[in-house]
Protein chains: 2
Amino acid sequence: MAATEVAVTISDAEWRVMRIVWTLGQADSRTIIDLLEQQHDWKAATIKTLIGRLVKKGALATAKDGRQFIYTPNIDEQTAMDTALQTELDQMCAMHRGTALAHVLEQTELSHNDVQELLNVLNKKLATAPAEVACDCLPENCERSCE
Amino acid sequence: MAATEVAVTISDAEWRVMRIVWTLGQADSRTIIDLLEQQHDWKAATIKTLIGRLVKKGALATAKDGRQFIYTPNIDEQTAMDTALQTELDQMCAMHRGTALAHVLEQTELSHNDVQELLNVLNKKLATAPAEVACDCLPENCERSCE
DNA sequence: TAATTAAGATTACAATTGTAAACGAAAGGG
DNA sequence: CCCTTTCGTTTACAATTGTAATCTTAATTA
């Protein structure tokens with residue numbers, strides 16, 4: 001059976017720890033601490049706290065290896081990324097999401113394949129794209145709309 | 001002189017208040033409270049707190065109107081959206097950002113114009129798109145890369 | 001074996017956030 | 001002119017987060 005994949009919330013600092021473990025596939029605390037100390041002004045104790053919280057949250061799984069632990073990701077990286085981004089976007093005005101995505105796309109380095117994949121998605125959407133997406137910032141019954 | 005446009009951080013709950021004010025252009029607290037009470041299980045006091053915090057943060061400007069205030073946005077909505085989304089994306093692995101964006105695009109309702117705008121951005125990127133974007137989860141000097 | 005080190009657990013503590021009650025002053029109604 | 005409503009301010013309080021020191025225990029080393 002696949003991982004339970006609970007919907008955990010990962011804070012900004014915790015995200016840094018997850019990226020290390022996602023990238024390495026697995027790691028002991030020494031490795032995580034060494035790598036993160038090179039990227040941030042964090043004390044070892046700080047990183048230990050973050051690891052502990054991630055384990056408690058269920059984002060990291062542990063396997064005992066002698067006196068220490070091997071940590072492995074308990075949630076999928078791409079899924080976590082998709083969800084976090086989607087959640088952020090969903091709390092914004094529906095009418096302006098497209099523009100926001102355009103601005104972000106513009107600022108993001110994308111591989112040839114990425115661009116191709118994105119073009120595919122968009123081309124598929126072109127056919128059924130509505131003339132406009134309504135603002136959803138006000139309650140249903142409220143007549144007013146964005147400018 | 002244009003608005004100072006300080007880089008304020010807006011929390012999730014505060015975001016709801018901003019959306020009302022952005023959409024209406026301006027509003028008094030009564031209006032904001034009435035509208036938000038229809039969208040959430042929030043008490044008037046809660047909304048007052050959020051408004052107060054947004055004013056203190058500089059996200060909302062106030063103009064005295066008799067005994068009460070008229071609130072207006074002090075930061076630009078699209079800019080706030082762009083920045084929030086970009087910030088979120090930037091804390092994730094560079095190598096997987098494209099896919100995350102593709103997944104989100106797929107889930108987002110986009111107008112015909114939005115799609116067109118996005119296609120433009122992408123087509124402009126196609127020419128210079130690199131073969132691949134490297135994983136940036138580990139420190140510089142670290143040899144290992146994503147799978 | 002005694003001292004040192006390292007790993008994980010416990011405790012700490014301020015800032016932010018979600019959520020709200022209580023309070024003081026002004027305004028309006030009767 | 002008193003009572004009530006309303007507005008904005010102050011205070012409250014738990015959870016989360018960033019940041020870390022300390023403690024316990026087991027392991028390593030001299």
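Naming: A, B, ... by sequence-line order, numbering from 1 per chain.
Between A:Trp42 and A:Glu37 the shortest heavy-atom distance is O-CG, 3.6 Å.
Taking atom CG on B:Asp65 and atom P on D:dC7, their separation rounds to 12 Å, with Å as the unit. If you measure from atom CD1 of B:Ile33 to atom C1' of C:dT19, you get 14 Å, rounded to the nearest angstrom. Rounded to whole angstrom, the span from the CZ atom of B:Phe69 across to the P atom of D:dT6 amounts to 19 Å. Remark: P of D:dA21 and CD1 of A:Ile47 are 12 Å apart, rounded to the nearest angstrom. If you measure from atom CG of B:Asp28 to atom P of D:dG8, you get 8 Å, rounded to the nearest angstrom.
A salt bridge links A:Arg19 to B:Asp136: at least one charged side-chain nitrogen sits closer than 4.0 Å to a carboxylate oxygen. A salt bridge links A:Lys57 with A:Glu14: at least one charged nitrogen is closer than 4.0 Å to a carboxylate oxygen.
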Below 3.5 Å between N/O atoms, which protein atoms pair up with nucleotides 23-30 of chain C? Just atom names and distances, please.
none

Just the atom pairs and distances: protein N or O near nucleotides 3-6 of chain C's N or O, under 3.5 Å.
none

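Counted by atom type alone, B:Asp82 and B:Gln78 present one or more donor-acceptor pairs between their side chains at under 3.5 Å. For the residue pair B:Asp28 and B:Thr31, a side-chain donor N or O sits within less than 3.5 Å of a side-chain acceptor on the partner. Using a 3.5 Å distance cut-off with no hydrogens or angles, the side chains of B:Gln116 and B:Asn120 do not pair a donor with an acceptor.
By the salt bridge (Lys or Arg N to Asp or Glu O under 4.0 Å) test, B:Asp90 is found to be paired with no residue, residues two or more places apart in sequence or in another chain being considered. Take A:Glu88 and apply the salt bridge (Lys or Arg N to Asp or Glu O under 4.0 Å) test, not counting sequence neighbours, and it matches no residue.
Position along DNA chain D of the nearest nucleotide to A:Gly66 versus B:Tyr71 favours B:Tyr71 as the more 5'-ward residue.
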Heavy-atom contacts, protein to nucleotides 12-19 of chain D, under 4.0 Å, summarised as B (base), S (sugar-phosphate only) or - (none) per nt, yield B----BBB
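Applying the salt bridge (Lys or Arg N to Asp or Glu O under 4.0 Å) rule to pairs touching residues 39-52 of chain A yields nothing, sequence neighbours excluded.
Under the 3.5 Å distance criterion, the side-chain polar atoms of A:Lys124 are left unmatched by any main-chain donor or acceptor of A:Leu119.
Phosphate contact (OP1/OP2 of C:dG8, side-chain N/O of A:Ser29, threshold under 4.0 Å): present.
In terms of hydrophobic clustering, with Ile, Leu, Val, Met, Phe, Trp and Tyr side chains grouped at heavy-atom distances under 4.5 Å, A:Ile51 and A:Leu24 are assigned to a common cluster.
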